[in-house]
2 protein chains.
Amino acid sequence: MELLSGKWKMQIIGTLLRHGTMRFMELKRTLNGIAPKKLSKDLHELEMNKLITRTVKNTKPITVEYSITEHGRTLDGLIGEIIDWGLTHRQTIIG
Amino acid sequence: MELLSGKWKMQIIGTLLRHGTMRFMELKRTLNGIAPKKLSKDLHELEMNKLITRTVKNTKPITVEYSITEHGRTLDGLIGEIIDWGLTHRQTIIG
DNA sequence: GAAACCGGTATCCTCGAGGTAACTAACAGG
DNA sequence: CCTGTTAGTTACCTCGAGGATACCGGTTTC
């Protein structure tokens, strides 16, 4: 739970699962509103947990690519179930 | 995610799933270290989300019983899967 | 030379989670 | 009376998450 806690980590995982490999700025723009400091910090934490990889490309303006690892992909089903439960829960509370 | 976030809510759910109906002090003693203020607050939040029920018994010193609702029980499997993933994850990181 | 894009880092701030401790009202037993 | 148990409430404090803003070195474009 702890390593998915916080406001952004699940969204980062989800975004990378949907989009595949992404650059730093690309993530920042997709995750609307995240501060670069937070994005940087969360990416490092996710990398330390082997959920994503960080690859520096020596292109003209240096770019950095992030993508989900095999291990990170095992979270996919779990996240889906959590979302499903959440949707059902809303119906239970409202209805 | 939000309604299971925090240090204690999952532990409260888990304890009630294992023990069935429990009184306030019983929960406080089982969840070693929780402040009564926090227990009270979290119980109210869980009750508002219809995950647990609160029943006041008019015994000699008034007692209050808490137990999981049917809706709360639907979390059982999900929590189990989260724990399983967490255990596998530890192996992945350590090994 | 100026501006803009890249991937960040540095600094400052706010706000809420959660801990500690003391207190309360009602009742029971000694 | 006095103490203990019940289920909390109140007041105070700390600490870290996360937001806002500015900045940096490198490189390309104008």
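The figures that follow rest on heavy atoms only: side chains count, while hydrogens, waters and symmetry mates do not. In what follows, chains are A, B, ... by sequence order, proteins preceding strands, each numbered from 1. If you're wondering where the values come from, they're calculated on a predicted model, not measured in any experiment.
For the pair A:Leu39 CG and D:dA17 C1', the interatomic distance rounds to 15 Å; values are reported in whole Å. Distance B:Lys37 NZ to C:dA17 C1': 8 Å, rounded to the nearest Å. Atom CG of A:Leu27 is separated from atom P of C:dC5 by 18 Å (rounded to the nearest Å). Rounded to an integer number of Å, the gap from CE of A:Met22 to P of C:dG7 is 11 Å. Nucleotide C:dG18 holds its C1' atom 15 Å from the CG atom of B:Leu43, rounded to whole Å. Between the NZ atom of B:Lys60 and the C1' atom of D:dA7 there is a distance of 17 Å, given to the nearest Å. Following rounding to the nearest Å, A:Asp42 (CG) and D:dG19 (C1') show an atom-to-atom distance of 13 Å. For the pair A:Ile62 CD1 and D:dT27 P, the interatomic distance rounds to 9 Å; values are reported in whole Å.
Side-chain nitrogen and oxygen atoms of B:Thr59 include none within less than 4.0 Å of the OP1 or OP2 phosphate oxygen of D:dT6. A:Ser40 has no side-chain polar atom (N or O) that falls below the 4.0 Å cut-off from OP1 or OP2 of C:dG7. Between B:Lys41 and the phosphate of D:dG8, there is no side-chain N or O to OP1/OP2 separation shorter than 4.0 Å. The side chain of B:Arg29 places no N or O atom within less than 4.0 Å of a non-bridging phosphate oxygen (OP1 or OP2) of D:dA7.
Sequence order on DNA chain D of the closest nucleotides to A:Gly6 and B:Thr63 puts B:Thr63 first from the 5' end. Where B:Ile34 and A:Phe24 meet DNA chain C, the nucleotide closest to each residue was compared, and A:Phe24 sits on the side nearer the 5' end. Nearest-nucleotide assignment on DNA chain D puts the 5′-proximal partner with A:Lys7, out of A:Lys7 and A:Pro36.
Of the residues listed (B:Ile13, B:Leu51, B:Asp76, B:Ile12), the one engaging B:Ile68 in a side chain to side chain contact (heavy atoms under 4.5 Å, CB included) is B:Ile13, and it is the only one.
With A:Thr30 contributing its side chain and A:Glu26 its backbone, the two residues share a donor-acceptor pair below 3.5 Å. B:Thr69 places a side-chain N or O within donor-acceptor distance of the main-chain N or O of B:Lys50, the cut-off being under 3.5 Å.
Within 4.0 Å (heavy atoms only), B:Lys28 reaches no atom of the nucleic acid at all.
For A:Arg23, taking side-chain heavy atoms from C-beta onward, the closest of the listed nucleotides D:dG8, C:dG8, C:dG7 is C:dG7. With C:dA28, D:dA20, D:dA7 as the choices, the nucleotide that has an atom nearest any side-chain atom of A:Ala35 turns out to be D:dA20. Nearest nucleotide to the side chain of B:Pro61, out of D:dT6, C:dG7, C:dG8: D:dT6.
With hydrogens and angles ignored, no donor-acceptor pair closer than 3.5 Å exists between the side chain of B:Lys38 and the base of C:dG19.
In this pair, B:His71 and A:His89 present their aromatic rings parallel. The plane angle is below 30°, not in the 30 to 60° band.
Residues B:Leu78 and A:Glu81 come closest through the heavy atom pair CD1-CB, 3.8 Å.
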